Amino acid sequence: MDYTEILKWLKDNLNEERYFHTLGTAQCAKELAAKYDLDCEKAYLAGLLHDCAKCFSNEKLLDIIHQNLDVEECEMLNYKTLHAPVSAYIAEKEFNVKDKEILSAIRWHTLGKLDMSDFDKIIFLADKIEPNTRDKEYCEQIRSILKENNGLNKALLKCYKETIKSLVKRDLKICLLTIEIYNKLEDLVNVN
Ligand SMILES: [Fe+2]
Ligand SMILES: [Fe+2]
């Protein structure tokens, strides 16, 4: 696939750091896809587009949401999560992405969802452990968890634990869905 048009659009619509993060996420998603026997090309594309609306203003995000999308109530609590549904919307409208797996992975890369597919999980994780902008020590921790048996769920659980800890530390509210996903991952990790 030729990514020239997408890369140009991303360069025009993201700041430098976010563009760098995007390239890292796409590459990391491709590597994780290979590791878990998933479609590398689709993973690369999902990685490229996962944050495409990240640098839109809050007004623009809300405008697109109000006119076109349904979002979770808790997503409206934190503007930082709003770029995920809008990025999926832009991927479909601007780049004609119709693949449901790609759109789902982009849509749920911030909050996650209860029934995440392996494809959703690798995009979620690639976003957290891409080497270009993420903390090196944290990336190493997650990468080493991924090597364990049932590593995908264990790595995801680690991410949710860190997110919940960080929200508590900052006196921020925790979305009920986040707790539900955490509980489900605890079950999945302890079954195996
Ligand atoms: Fe994001
Ligand atoms: Fe991201």
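For ligands, and for the atoms within them, numbers begin at 1 and follow the listed sequence. Please read these numbers as outputs of a predicted model, since none were measured by experiment.
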With respect to the Fe ion (ligand 2), what is the nearest N, O or S atom of D127?
OD1

Under a 3.5 Å cutoff, is there a donor and acceptor pairing between the side chains of D120 and S104?
yes

Does the plane of the ring in F124 sit parallel, tilted or perpendicular to the ring in Y160? Use 30° and 60° as the thresholds.
parallel

N/O/S from D51 sitting under 2.8 Å away from the Fe ion (ligand 1):
yes

Ring centroid separation for H83 and H50, is it under 6.0 angstrom?
no

What are the two closest heavy atoms between L103 and V97, and how far apart are they?
CD1-O, 3.6 Å

Would H50 count as a contact for the Fe ion (ligand 1), in the sense that one of its N, O or S atoms lies under 2.8 Å from it?
no

Any idea which N/O/S atom from H83 gets closest to the Fe ion (ligand 1)?
NE2

Decide if the gap between the ring center of Y44 and the ring center of Y3 is smaller than 6.0 angstrom.
yes

Could you tell me whether any N, O or S atom belonging to H109 is less than 2.8 Å from the Fe ion (ligand 2)?
no

